[in-house]
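Have a look at the structure below before the remarks.
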Number of protein chains: 2
Amino acid sequence: MKDELADVAPYRPSIYAAPFRKDGDGMEVELLSRSEQDALMEVSQLISVRRHTVLYPEGGEARFVYNVVSGVAQTYQLQANGDKRITAFLFPRDLIGLSENGAYVATAQSLTPVTAFRIPFDALQAILERDPGLDIGLLCKLCHELRRSQHHAITVARNDAPARLASFLLWIEHAYAPPGRLAGELILPMTRHDIADYVGLTVESVSRALHALEAQGVIRRKGPRFITLLDTAKLRKLAGQV
Amino acid sequence: MKDELADVAPYRPSIYAAPFRKDGDGMEVELLSRSEQDALMEVSQLISVRRHTVLYPEGGEARFVYNVVSGVAQTYQLQANGDKRITAFLFPRDLIGLSENGAYVATAQSLTPVTAFRIPFDALQAILERDPGLDIGLLCKLCHELRRSQHHAITVARNDAPARLASFLLWIEHAYAPPGRLAGELILPMTRHDIADYVGLTVESVSRALHALEAQGVIRRKGPRFITLLDTAKLRKLAGQV
DNA sequence: CGAAGGATTGAGTTCATTCAAGTTGGGTGG
DNA sequence: CCACCCAACTTGAATGAACTCAATCCTTCG
């Protein structure tokens with residue numbers, strides 16, 4: 001059994017987002033400078049959890065923010081009728097820990113084994129007080145998340161089932177590239193039920209929509225968790241992204 | 001014709017949001033200190049536009065951020081099929097001007113006469129470099145907007161038409177209290193079409209949902225733009241907010 | 001006051017949901 | 001290592017909610 005610290009030592013805090021300022025190409029960039037990463041590492045703790053671990057519960061006292069560096073997590077809220085609504089899937093270089101009045105607004109749970117930096121709120125605020133660069137980086141990340149959320153709301157508001165799934169698959173392809181993944185080969189770390197909750201459909205409709213996409217020759221399914229994108233252009237058109 | 005400046009002189013920049021830290025009650029608070037307001041006023045220009053004015057177009061060069069101080073605006077994106085999807089309605093104490101890579105991500109348009117501070121991006125960034133308090137205030141506001149957007153996505157994803165309208169009406173009641181408005185009396189500054197786009201329904205369905213709410217005795221319509229909330233508790237239950 | 005756009009109502013259709021029954025596949029114990 | 005088993009996934013048929021199409025009513029604004 002190896003030293004756990006040695007295993008995770010190569011990880012550094014990392015936050016990716018598209019900047020709001022024009023900044024070369026339209027790609028996403030690392031928002032943390034070397035020194036900001038160091039500052040965060042000093043105050044935070046690198047944690048590793050196995051799949052299906054609750055990082056924190058909805059309504060719990062919000063004392064940490066998490067920076068995912070490997071694996072996938074989700075946040076969800078329990079509805080009045082009892083079923084859960086997924087508010088976000090979170091990938092490496094994302095932040096988790098949205099709170100309101102000192103309480104987390106959602107439950108955060110790992111879908112795969114997850115490694116993350118656990119950053120105490122107080123320490124983060126202290127760093128923010130003296131590092132304007134970090135503030136602006138975080139503003140950038142939040143704008144990024146806001147755009148994504150608004151886009152998601154639009155997607156879910158009016159598109160039919162295949163369009164929602166097309167949009168979802170394109171997003172996963174862009175956002176989640178685990179090591180060794182081939183281009184166009186998707187690994188879905190979440191269940192159909194999770195996907196259904198996220199895109200606002202039932203499990204059955206997700207299944208049928210994927211079937212429809214496969215019948216059109218746009219994707220190929222290989223078991224429930226592996227999907228190959230065969231025609232990205234057509235997928236994009238189906239998703240309404242012209 | 002009166003001096004325009006004299007009319008608008010009492011306005012000051014203002015940003016409201018629920019803080020993420022526990023901070024007394026669960027209410028929203030002013031995030032700008034007096035000195036931050038002063039700093040913003042120094043670099044920004046107070047503008048007044050009449051209704052249906054485009055503040056900036058989608059894709060346009062993002063040089064300003066706007067802080068609404070009176071009136072209502074909306075932001076929307078034009079879809080591939082041509083119709084517009086509303087991403088947000090914006091009220092006094094809100095910020096408008098979300099951009100990505102130097103370009104606005106949506107068109108911003110006033111629904112009523114709007115007064116707003118137009119803040120140059122460069123100047124804002126300069127202030128951010130030296131005022132950590134402002135940064136944290138903006139982070140707070142963005143978290144607030146992100147929560148709202150995620151909540152909106154959830155609302156729109158799985159609720160039926162009456163539930164979406166109930167949720168929408170409750171939000172308007174909370175977010176938009178023009179001077180002289182009585183509690184429970186709503187003035188809708190947007191058309192049915194705008195509402196439909198926002199909640200992900202057709203105009204007809206919005207109409208029918210409002211009719212259904214009225215038939216249940218939860219609201220009363222007085223012309224297309226005036227709605228009285230008769231039973232807020234029941235409305236909340238319909239909206240799924242227990 | 002009249003026109004034009006917005007809002008409501010009605011009838012028929014469509015597409016996601018519900019309910020129900022298979023099928024698959026990953027994980028566990030023998 | 002294999003076979004079993006359970007949960008996840010898929011497929012099918014019937015229901016129902018929201019959409020489309022179309023006509024009428026309202027109201028706002030020139």
Exercise for the section: Give, ordered by number, those residues of residues 70-77 of chain B having at least one heavy-atom distance below 4.0 Å to an atom of DNA chain D; if nothing qualifies, reply none. Expected result: none
Handout entry: N/O (side chain, A/Ser205) to phosphate O (OP1/OP2, C/dA16) under 4.0 Å
Key = no
Exercise for the section: Identify which one of A/Thr75, A/Val114, A/Val65 satisfies the side chain to side chain contact (heavy atoms under 4.5 Å, CB included) criterion when paired with A/Ile96. Expected result: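 Among A/Thr75, A/Val114, A/Val65, the one that satisfies the side chain to side chain contact (heavy atoms under 4.5 Å, CB included) with A/Ile96 is A/Thr75.
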Problem - Rounded (10°) bend between the five-pair end axes of the helix from C/dC1-D/dG30 to C/dG30-D/dC1 - result: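 The value is 50°.
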Protein-nucleotide distance ([X], atom [atom1]; [N], atom [atom2]), rounded to Å:
{"X": "A/Glu204", "N": "C/dT18", "atom1": "CD", "atom2": "C1'", "value": "7 Å"}
{"X": "A/Asp160", "N": "C/dA16", "atom1": "CG", "atom2": "C1'", "value": "10 Å"}
{"X": "B/His193", "N": "C/dA7", "atom1": "NE2", "atom2": "C1'", "value": "13 Å"}
{"X": "B/Ile195", "N": "C/dA7", "atom1": "CD1", "atom2": "P", "value": "8 Å"}
{"X": "B/Leu201", "N": "C/dC15", "atom1": "CG", "atom2": "C1'", "value": "15 Å"}

Problem - A/Thr191 vs A/Ala157, nearer the 5' end of DNA chain D by closest nucleotide - result: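 Whichever sits nearer the 5' end wins; that is A/Thr191.
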Handout entry: Of A/Trp171, A/Phe168, A/Phe91, the residue whose pairing with A/Tyr176 passes ring-ring contact (aromatic ring centres under 6.0 Å, His included)
Key =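 When ring-ring contact (aromatic ring centres under 6.0 Å, His included) is applied between A/Tyr176 and each of A/Trp171, A/Phe168, A/Phe91, only A/Phe91 qualifies.
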Quick check on [X]: does its [atom1] atom have over 12 non-hydrogen neighbours (other residues, nucleotides or ligands) under 6.0 Å away?
{"X": "A/Arg63", "atom1": "CZ", "value": "no"}
{"X": "A/Lys84", "atom1": "NZ", "value": "yes"}
{"X": "A/Arg220", "atom1": "CZ", "value": "no"}

Problem - A/His211 versus A/Gln216, side-chain donor and acceptor atoms under 3.5 Å - result: no
Problem - Ring-face cation contact, B/Tyr66 with B/Arg118, 6.0 Å cut, 45° max - result: no
Practice task
Indicate yes or no for a side-chain donor-acceptor contact from A/Arg85 to the backbone of B/Ala157 under 3.5 Å, with no hydrogens or angles considered.
Solution key: no
Practice task
Verify, without hydrogens or angle tests, whether A/Ser44 (side chain) and A/Phe117 (backbone) share a donor-acceptor contact under 3.5 angstrom.
Solution key: no
Exercise for the section: Salt-bridge test for A/Asp83 and B/Arg158: reply yes if a basic N is under 4.0 Å from a carboxylate O, no otherwise. Expected result: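 Result for this pair is no, no salt bridge flagged.
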Handout entry: Salt bridge A/Glu30-A/Arg93, side-chain N to carboxylate O under 4.0 Å
Key = yes
Practice task
Could you tell me from which nucleotide to which nucleotide of DNA chain D, 5' to 3', there is an atom under 4.0 Å from chain A heavy atoms?
Solution key: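 The protein-touched segment is D/dC9 to D/dA13.
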Exercise for the section: Mind checking salt bridge (Lys or Arg N to Asp or Glu O under 4.0 Å) for A/Glu61 and listing every partner two or more places apart, or none if nothing turns up? Expected result: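 With sequence neighbours excluded, A/Glu61 shows a salt bridge (Lys or Arg N to Asp or Glu O under 4.0 Å) to no residue whatsoever.
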Practice task
Would you classify A/Arg51 as touching base, sugar-phosphate or nothing, given that sugar-phosphate means primed atoms plus P, OP1 and OP2, and contacts are heavy atoms under 4.0 Å?
Solution key: nothing
Problem - ring-ring contact (aromatic ring centres under 6.0 Å, His included) partners of residues 70-90 of chain B, not counting sequence neighbours, each pair once - result: B/Phe89-B/Tyr198
Handout entry: Close residues, residues 209-230 of chain B, relative to DNA chain C [heavy-atom separation under 4.0 Å]
Key = B/His211, B/Arg221, B/Pro224
